[in-house]
Protein chains: 2
Amino acid sequence: MNQIRILLVDDHPVVRAGLRAMLSDFEGISVAAEAADGDAALRELKRLQTLGDPVDVVLMDLQMGAGMDGVTATAQIRLLEAAPPVLILTTYDTDADILAAVEAGASGYMLKDAPPEQIRQAVLAAAAGQTALAPKIAALLMNRIANPAPALTSREIQLLELLATGMSNRAIAKKTFISEATVKTHLVHIYGKLGVDNRTAAISAATQRRIIRAPGQ
Amino acid sequence: MNQIRILLVDDHPVVRAGLRAMLSDFEGISVAAEAADGDAALRELKRLQTLGDPVDVVLMDLQMGAGMDGVTATAQIRLLEAAPPVLILTTYDTDADILAAVEAGASGYMLKDAPPEQIRQAVLAAAAGQTALAPKIAALLMNRIANPAPALTSREIQLLELLATGMSNRAIAKKTFISEATVKTHLVHIYGKLGVDNRTAAISAATQRRIIRAPGQ
DNA sequence: CCCCGGGTCAACCATTTGGTTGATCCGCCG
DNA sequence: CGGCGGATCAACCAAATGGTTGACCCGGGG
């Protein structure tokens, strides 16, 4: 059986070292390269491809201090020919993050506090073209289905995120290139789904239900 | 020269592995033990002390998913006899975090995205009883001193907390037994100090600066 | 003693938000 | 095809919020 070759993408040297140490303990898995942000990741991928030395799985963090963020990078990678599966490995478990990652074409979502064995399983699954979800994330999704989740659309979640940064309706409208009227319509829908009747309560509710991340990240 | 013996405290196995790998590459430094939260860290410290095998430096994360958080743990450790210096290694650089850590008795504050060499220097400094600040943190503190913080009154913080739960001015007024007019006056003061001009932005700013905790707790 | 800052309140007005109704467009599904 | 839901927008009105001015009380420090 061939080695599964991995590209690590994380802006923290400590985390990269940890993953490298952890993964190299596993048979059948090797770390082919590392990158500190999305741009570097794309460069590495292309470089290794032209060397005829392609990577099998990309392990990607979502929050990157500088440079291209994880979601954008994932989308870019999926546009490549012979794009390797991208496995998200991050700290945050909010709907917004998970949805954005899945929409960008991620083939798995793991949390950083996962035990090594789970990460290994996820890498193997991703390499085999399967979907890999952290038990926590899976449980979270099951819970969402069981308790009739408010089911916000991704557009609504997007507006909610802008809302949480303190932007006015007008500012949100400009930022998203829609009219103020539309923003208000969305907000009314959001209030209804969250069972609140004003924007601050919406932020509070959405944060509590982990639909979006807390304002201060 | 004796080895500097370290206790790693972090709830992420990945990060612990990374630090272990990184530190063991350095001469004169060895990882004596690991712990996933504050409680475990205290137990480890005591265990190693009674074995006559004390640790020289504690490397502590601030954000711990479950169990005792880093600040509390740091304070507890400093209460021990022959307490080792505690070096904070975390992701967040808000003044509230830094201040809390320093008040708790931390002897250094590093960020996880620091290059290995900086972390090594910090460990050496801590072991020698010196203070070690990441360049980023040092710059940040200088900046804070130059531009003094807004300094909200405790009453203002109290209203800010209610604000963050999504309450209207009227609701806040009732809850705090003051008039709506007074609530508005306070809010205007708060906006001024935070440099914003509406309630949602105030929540965002206050959360970011860790003046209040995020709506979702 | 007097001033200052924090907390309290009122009145007023402009702007923003919230809430409603109705309408168009588009893609998906049965 | 017909219908449904998501996204878009307009117009309108009521209510809440933001912003200002001025005022009062009280406790602590110069």
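Everything numeric in this text was worked out from a predicted model, so none of it was measured. Naming convention: chains lettered A, B, ... in sequence-line order (proteins, then strands); numbering from 1 in each chain.
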(Q) With side-chain contact (heavy atoms from CB on, under 4.5 Å) as the test, pick out the partner of A/L163 among A/E156, A/R199, A/Q158, A/H186. (A) A/R199
(Q) With side chain to side chain donor-acceptor pair (under 3.5 Å) as the rule and sequence neighbours excluded, what pairs involving residues 75-89 of chain A come up? (A) none
Starting at atom [atom1] of [X], determine the distance to atom [atom2] of [N], rounded to an integer number of angstrom.
X: B/L187; N: C/dT16; atom1: CG; atom2: C1'; answer: 15 Å
X: B/K193; N: C/dG7; atom1: NZ; atom2: C1'; answer: 11 Å
X: B/M167; N: D/dA16; atom1: CE; atom2: P; answer: 14 Å
X: B/L159; N: D/dT17; atom1: CG; atom2: C1'; answer: 15 Å
X: A/R199; N: C/dG18; atom1: CZ; atom2: C1'; answer: 9 Å
X: A/D197; N: C/dG19; atom1: CG; atom2: C1'; answer: 11 Å

Q.
Testing the basics here: between B/A83 and B/I77, what is the closest heavy-atom pair and its distance to 0.1 Å?
A. CB-O, 3.2 Å
Q | Nearest atoms (heavy-atom pairs only) where A/D37 meets A/V9 | A | O-CG1, 3.8 Å
(Q) From the set D/dA16, C/dG19, D/dG18, return the single nucleotide nearest to any side-chain atom of B/R170. (A) D/dA16
Got a donor-acceptor contact below 3.5 angstrom from the [X] side chain to the [Y] backbone?
X: A/D10; Y: A/R16; result: no
X: A/R170; Y: A/E180; result: no
X: B/Q118; Y: B/P115; result: no
X: A/S204; Y: A/T200; result: no

Compare side-chain N and O positions of [X] against OP1 and OP2 of [N] and report whether any pair is under 4.0 Å apart.
X: B/H186; N: C/dT8; answer: yes
X: B/Y191; N: D/dG18; answer: yes
X: B/R155; N: C/dT8; answer: yes
X: A/T153; N: D/dA7; answer: yes
X: A/N169; N: C/dT17; answer: yes

**Q.** Salt-bridge criterion met for A/K112 and A/D61 (N-O under 4.0 Å)
**A.** yes
Q) Bend across the helix from C/dC1-D/dG30 to C/dG30-D/dC1, to 10°, with axes taken over 5 pairs at each end? A) 30°
**Q.** Which residue lies more 5' along DNA chain C, comparing B/N198 with B/H189 via nearest heavy atoms
**A.** B/H189
Q. Which of residues 176-184 of chain B sit near DNA chain D, with a heavy atom under 4.0 Å from it?
A. B/K184
